[in-house]
Trainee: 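What follows is a single structure, and I will ask about it in a moment.
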Amino acid sequence: QVQLVESGGGLVQAGGSLRLSCAASGRTFSRYTMGWFRQAPGKEREFVASILWGGGETYYADSVKGRFTISRDNAKNMVYLQMNSPKTEETDVYYCAKHSGQYDSADYSGARDSEYHYWGRGTQVSVSS
């Protein structure tokens with residue numbers, strides 16, 4: 001059974017920085033795409049970023065490109081989300097997820113939440129003005 005545990009959330013000022021971490025259990029971590037998603041109350045879950053198994057390819061939602069950076073350390077079973085210059089509207093619960101390896105389409109970016117089969121419980125990020 002895979003467990004994903006996020007940490008690093010909290011209160012941050014707009015324009016500041018915050019780094020989220022996700023610790024994953026399991027021996028197959030390095031073989032799968034990992035993703036970060038976020039969700040606000042009453043809203044749909046939204047893709048933030050993904051990183052392919054080798055770490056060489058990353059994908060971002062247009063809204064976070066140039067500000068957020070996803071990375072992974074396969075030796076430590078960790079994935080990170082560096083959030084620079086967050087905006088107040090990015091106050092959300094942020095979730096780490098492990099891809100199933102099955103793709104719904106020819107899009108291999110890992111942006112579809114339906115393709116992930118393991119999720120963490122989330123970490124709250126609150127961005128103040």
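All values below come from the heavy atoms of this structure, side chains included, with hydrogens, waters and symmetry mates left out. All residue numbers in this chain count up from 1 along the given sequence. Being a predicted model, the structure only gives us computed values, none of them experimental.
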Trainee: Under the ring pair (Phe, Tyr, Trp, His ring centres under 6.0 Å) rule, collect the residues that match up with Y108, sequence neighbours excluded.
Mentor: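 Y108 satisfies ring pair (Phe, Tyr, Trp, His ring centres under 6.0 Å) with Y103 only.
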
Trainee: For W53, enumerate each residue passing the ring pair (Phe, Tyr, Trp, His ring centres under 6.0 Å) test, keeping only those at least two apart in sequence or located in another chain.
Mentor: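 Partners of W53 under the ring pair (Phe, Tyr, Trp, His ring centres under 6.0 Å) test: none.
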
Trainee: From T33 OG1 over to R72 CZ, what is the distance, rounded to the nearest 0.5 angstrom?
Mentor: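 So the OG1 of T33 and the CZ of R72 are separated by 7.0 Å.
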
Trainee: Using modelled atom types only, decide if a donor and an acceptor are shared between the side chain of Q82 and the backbone of T69 within a distance under 3.5 Å.
Mentor: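 Between the backbone of T69 and the side chain of Q82 there is no qualifying donor-acceptor contact (under 3.5 Å).
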
Trainee: Establish, yes or no, whether a centroid distance under 6.0 Å links the rings of Y59 and F47.
Mentor: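 Here the rings of F47 and Y59 have centres that are no less than 6.0 Å from each other.
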
Trainee: According to side chain to side chain contact (heavy atoms under 4.5 Å, CB included), who are the partners of S100, at least two apart in sequence or on a separate chain?
Mentor: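 For S100 the side chain to side chain contact (heavy atoms under 4.5 Å, CB included) partners, ignoring immediate neighbours, are Q102, H117.
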
Trainee: Would you say S105 and D107 are linked by a side-chain donor-acceptor pair, where the criterion is simply a distance under 3.5 Å?
Mentor: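 No donor-acceptor contact under 3.5 Å links the two side chains.
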
Trainee: Is atom CD of Q3 surrounded by more than 12 heavy atoms (other residues, nucleotides or ligands) closer than 6.0 Å?
Mentor: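 Atom CD in Q3 is not packed in, count stays at 12 or less.
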
Trainee: How many angstroms lie between atom CZ of R67 and atom OG of S17, to the nearest 0.5 angstrom?
Mentor: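 R67 atom CZ to S17 atom OG measures 12.5 Å (nearest 0.5 Å).
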
Trainee: Can a donor-acceptor pair be found, under 3.5 Å and without considering hydrogens, that links the side chain of N77 to the backbone of A24?
Mentor: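 Looks like yes, one N/O pair under 3.5 Å.
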
Trainee: Which atom names give the shortest non-hydrogen contact between Y116 and G110, and what distance separates them?
Mentor: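 Shortest heavy-atom contact: OH-O, 2.5 Å.
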
Trainee: Under 3.5 Å, is there a donor-acceptor pair between the side chain of E6 and the main chain of G122?
Mentor: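 Yes.
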
Trainee: Kindly say whether A40 contributes a backbone atom to a donor-acceptor pair with the side chain of D92 at under 3.5 angstrom?
Mentor: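 A pair under 3.5 Å: yes.
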
Trainee: For residues 20-32, pull every pair meeting side chain to side chain donor-acceptor pair (under 3.5 Å), keeping only residues two or more places apart or in separate chains.
Mentor: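 Only T28-K98 qualify under side chain to side chain donor-acceptor pair (under 3.5 Å).
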
Trainee: Do the non-hydrogen side-chain atoms of L11 and Q124 ever get within less than 4.5 Å of each other?
Mentor: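 No; the side chains remain at least 4.5 Å from each other.
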
Trainee: Within a radius of less than 6.0 Å around CD of E44, do more than 12 heavy atoms belonging to other residues, nucleotides or ligands occur?
Mentor: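 Incorrect, the count does not exceed 12.
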
Trainee: Through direct or indirect side-chain contacts below 4.5 angstrom among Ile, Leu, Val, Met, Phe, Trp and Tyr, which residues connect to Y118?
Mentor: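 Noted: Y118 shares its cluster with V2, L4, V12, L18, L20, F29, M34, W36, V48, I51, Y60, V64, F68, I70, V79, L81, M83, Y94, V125, V127.
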
Trainee: What pairs with S129 under side chain to side chain contact (heavy atoms under 4.5 Å, CB included), at least two apart in sequence or on another chain?
Mentor: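 Side chain to side chain contact (heavy atoms under 4.5 Å, CB included) list for S129, sorted by chain: T88.
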
Trainee: Which residue, R45, K43, E90, forms the side-chain contact (heavy atoms from CB on, under 4.5 Å) with R38?
Mentor: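 The single option meeting the side-chain contact (heavy atoms from CB on, under 4.5 Å) with R38 is E90.
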
Trainee: Any idea which heavy atoms bring S109 and L52 closest together, and the distance?
Mentor: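 Looking at all heavy atoms of both residues, the closest pair is O-CD1, 4.5 Å.
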
Trainee: Nearest 0.5 angstrom please: R19 CZ to N84 CG, how far?
Mentor: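 Separation between the atoms: 11.5 Å.
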
